[in-house]
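In the text below, chain A, chain B and the rest are named by the order of the sequence lines, each starting its count at 1. Model, not experiment: these values are computed from the prediction.
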There are 2 protein chains.
Amino acid sequence: MNIGEIAKRAGVSRSTVSYALSGKRPVSEDTRRRIQQVVDELGYRPSASARALANGRTSTIGLVFPPAGNHYTGMQLDFIGSVVEAAAAYDYDVLLSPSGVDSDRSFQRLLGERRVDGAILMEIRLADDRVDHLADLGFPSVAIGRTGDPEGGWWVGLDHTALVAACVHHLADLGHRKVAFVNRPEQLLHAGYESAHRGLDGFTKAAAERGLTVETYCCGDDAASGQACLEQILHDDPATTALVTLNEAALGGLYRGLSEAGRHVPRDFSVTGVVAGRWAETVTPQLTAADVPAAEMGRLAVELLVERLDHPDVAPRHHLLVPPISLRASTGPANSTSSDGSRPASGSLPG
Amino acid sequence: MNIGEIAKRAGVSRSTVSYALSGKRPVSEDTRRRIQQVVDELGYRPSASARALANGRTSTIGLVFPPAGNHYTGMQLDFIGSVVEAAAAYDYDVLLSPSGVDSDRSFQRLLGERRVDGAILMEIRLADDRVDHLADLGFPSVAIGRTGDPEGGWWVGLDHTALVAACVHHLADLGHRKVAFVNRPEQLLHAGYESAHRGLDGFTKAAAERGLTVETYCCGDDAASGQACLEQILHDDPATTALVTLNEAALGGLYRGLSEAGRHVPRDFSVTGVVAGRWAETVTPQLTAADVPAAEMGRLAVELLVERLDHPDVAPRHHLLVPPISLRASTGPANSTSSDGSRPASGSLPG
DNA sequence: CAGCAGAATCGAATCGGTTCGATGAAGCGC
DNA sequence: GCGCTTCATCGAACCGATTCGATTCTGCTG
């Protein structure tokens with residue numbers, strides 16, 4: 001059922017059918033109706049491949065994220081979901097590409113074979129050859145995250161430095177003096193993942209500013225690693241009374257470690273960090289944290305990309321988000337005795 | 001940089017370049033090398049659209065799942081990840097389509113515009129018009145889940161009936177007499193989601209078989225709903241000592257509800273159900289559950305689909321999985337006094 | 001009524017590949 | 001040296017749309 005078939009049945013030429021459907025040239029009301037009727041009867045829809053070949057646009061955007069390998073986090077899930085939904089609203093499909101680096105076969109397919117009009121990149125590294133490569137090519141893309149040199153780029157990012165610093169200040173304000181930092185896995189830190197680096201920076205600086213005693217850890221993206229990491233923390237310094245984490249997937253393990261060590265949260269130990277809100281609420285007590293607005297970020301990334309696709313020469317834009325810390329129930333004053341089990345009030349701190 | 005450019009530079013015809021690259025006809029070693037060199041120099045890759053138009057295959061499979069709307073579960077995340085990875089191994093890309101029903105615009109695009117060679121459907125309903133429609137069309141697809149009439153279809157499913165029944169028997173063996181069932185949201189049950197229906201069936205039958213007193217609940221896919229649901233359970237019958245759940249996203253809330261009601265798991269209350277293993281391990285105590293092998297299911301679905309694409313006339317196949325219950329730490333004997341806080345052994349029960 | 005503007009439609013080229021049948025050259029036996 | 005096979009390559013058609021320039025038809029003006 002191709003356009004020629006429609007044309008024949010409607011008694012017009014193929015080009016007239018095309019114009020009738022696209023509206024790019026006027027067609028008499030009469031023939032337009034006749035064509036539409038044939039189209040409806042046969043349930044005709046133009047072939048995406050043929051259309052893409054003819055006008056050079058695939059109406060597809062690529063979503064590039066590292067291969068699962070080990071584990072996906074809930075945050076990534078929220079990104080994917082919101083990107084797909086936002087893209088659908090603009091009539092774009094989303095093609096998934098599991099690529100961590102520029103040289104991946106899957107990444108080459110996306111670009112080299114021109115399968116997509118533009119791309120959204122996740123899990124950005126400070127030095128990211130994918131971002132550099134796309135920038136050199138002038139290929140329309142938007143990063144979810146910032147490289148080390150984000151100027152003049154298209155991205156939507158989270159200010160991990162400020163967010164983690166806010167967590168530290170929150171803990172310091174509560175009187176904590178010995179605080180641990182639980183980062184993403186060591187391998188990701190070494191690879192230069194921006195959240196791991198900027199988060200660590202924010203932690204170190206804010207802790208120094210407040211004169212805290214700190215230790216930093218890398219932790220695998222799963223519950224077992226979280227539990228092991230917490231044991232290590234208490235082993236290294238049993239007087240530690242709080243931690244800040246970026247590691248969503250390890251959160252359950254950290255909680256378990258605390259519970260097995262007999263430390264009650266938040267009476268004996270405070271936990272906070274940067275985590276997608278939906279996941280912060282699944283643990284008990286609910287996590288006081290900077291909620292990653294993953295859905296919003298995905299939506300913003302699509303909006304930027306669509307704008308870039310529609311107006312190829314518009315100047316680069318970005319969004320740097322600094323969500324406030326949501327006060328839930330996992331942090332409390334340090335040095336409180338077991339008799340002082342009072343809950344902090346719920347609410348929201350300006351970010 | 002198209003195939004004509006390569007042909008010109010290598011001093012051959014376009015068809016020779018095509019044959020040299022595809023190997024579908026012999027090409028002399030000499031010219032093959034010359035062509036390859038030009039290709040490498042220019043970094044040429046054939047256009048996916050043109051190739052798809054010419055040979056009718058897009059090398060893309062569609063992954064159809066309901067729109068996020070409210071929430072994704074961890075299980076879905078694992079499906080998506082494993083499907084993408086498995087597809088990449090067979091040189092297929094994955095196109096995401098957020099479609100719950102046959103009439104969705106996104107679903108129409110996938111099929112009508114021939115964007116994909118085949119499709120994998122998630123979140124199957126007992127009466128699923130998407131499945132029926134694709135079967136009528138003879139369009140290559142594989143369902144992750146079974147409809148009410150799975151005979152002669154292509155699918156990989158989980159035996160929710162047996163799984164939930166095994167959970168019930170496990171609890172009954174431990175001496176529990178009053179057990180609650182926490183299902184997926186009511187709206188999904190009404191829509192006919194297979195896991196919700198078959199799980200409920202398995203629960204009801206096994207409970208009757210063992211003469212248990214039961215109550216069943218629907219629960220929203222989030223922690224707050226889980227907590228509310230648990231309050232309702234204890235309100236309806238404070239003597240309830242165990243629950244079985246299919247609702248992964250509510251799990252954290254269920255635990256919180258128990259903890260706030262002062263019921264210790266597993267001493268006072270046992271929890272079990274059907275949940276992706278990775279998520280069962282994030283809660284404390286770790287959940288004794290039938291672990292959904294999401295990654296394996298995604299991989300199997302891709303394998304079935306690829307086989308179907310390669311051999312269009314092969315007879316329908318399927319995989320019905322019945323993973324064993326992993327004994328972790330969330331279930332224990334009923335009616336134990338608070339002095340009997342002994343932990344059950346870890347291990348695995350034959351499914 | 002010739003001439004012309006404007007609207008509606010058509011025909012052909014194009015996008016970038018694949019594939020089929022034809023052609024030419026080389027190698028071989030007799 | 002002729003005919004035959006085999007191998008390598010070429011040219012053209014085709015996939016199914018879009019798009020540009022040309023054409024036809026109508027109605028209006030002078």
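Rounded to a whole Å, the CZ atom of A:R114 is 10 Å from the C1' atom of C:dG17. Distance A:N2 CG to D:dT18 P: 12 Å, rounded to the nearest Å. Taking atom CG of B:L21 as the reference point, atom C1' of C:dG16 lies 13 Å away to the nearest angstrom. The separation between B:I3 atom CD1 and C:dT14 atom P is 18 Å, rounded to whole Å.
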- Step by step, would you call A:R130 with A:D104 a salt bridge (Lys or Arg N to Asp or Glu O under 4.0 Å)? CA-CA 10 Å; A:R130 302 171 303 170; A:D104 275 350; over 6 Å; no
- Task: Check the pair A:V302, A:V306 against side-chain contact (heavy atoms from CB on, under 4.5 Å), reporting the backbone distance first and the verdict last.
- Result: CA-CA 6 Å; A:V302 170; A:V306 168; 4.0 Å; yes
- Message: Apply side-chain contact (heavy atoms from CB on, under 4.5 Å) to residues A:R14 and A:V17 and explain how you reach the verdict.
- Response: CA-CA 5 Å; A:R14 302 192 308 150; A:V17 174; 5.7 Å; no
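Side-chain atoms of A:R57 do not come within 3.5 Å of backbone N or O of A:D117 as any donor-acceptor pair.
The stretch residues 131-156 of chain A participates, sequence neighbours left out, in these ring pair (Phe, Tyr, Trp, His ring centres under 6.0 Å) pairs: A:W155-A:H318.
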- Sugar-phosphate or base contact per nucleotide [nucleotides 6-11 of chain C; S, B, -; heavy atom under 4.0 Å]: --SBBB
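Distances shorter than 4.0 Å separate none of the side-chain N or O atoms of A:K24 from OP1 or OP2 on D:dT18.
For DNA chain C, the neighbouring residues in residues 40-60 of chain A, judged by any heavy atom under 4.0 Å, are A:L53, A:A54.
Residues A:S59 and A:D91 are not in side-chain contact: their nearest non-hydrogen atoms beyond the backbone lie 4.5 Å or more apart.
Between B:R51 and A:E113 there is no salt bridge, since no side-chain N of the basic residue sits under 4.0 Å from a carboxylate O of the acidic one. Ionic pairing of B:E41 and B:R9 is not present here: no N-O contact between side-chain nitrogen and carboxylate oxygen is shorter than 4.0 angstrom.
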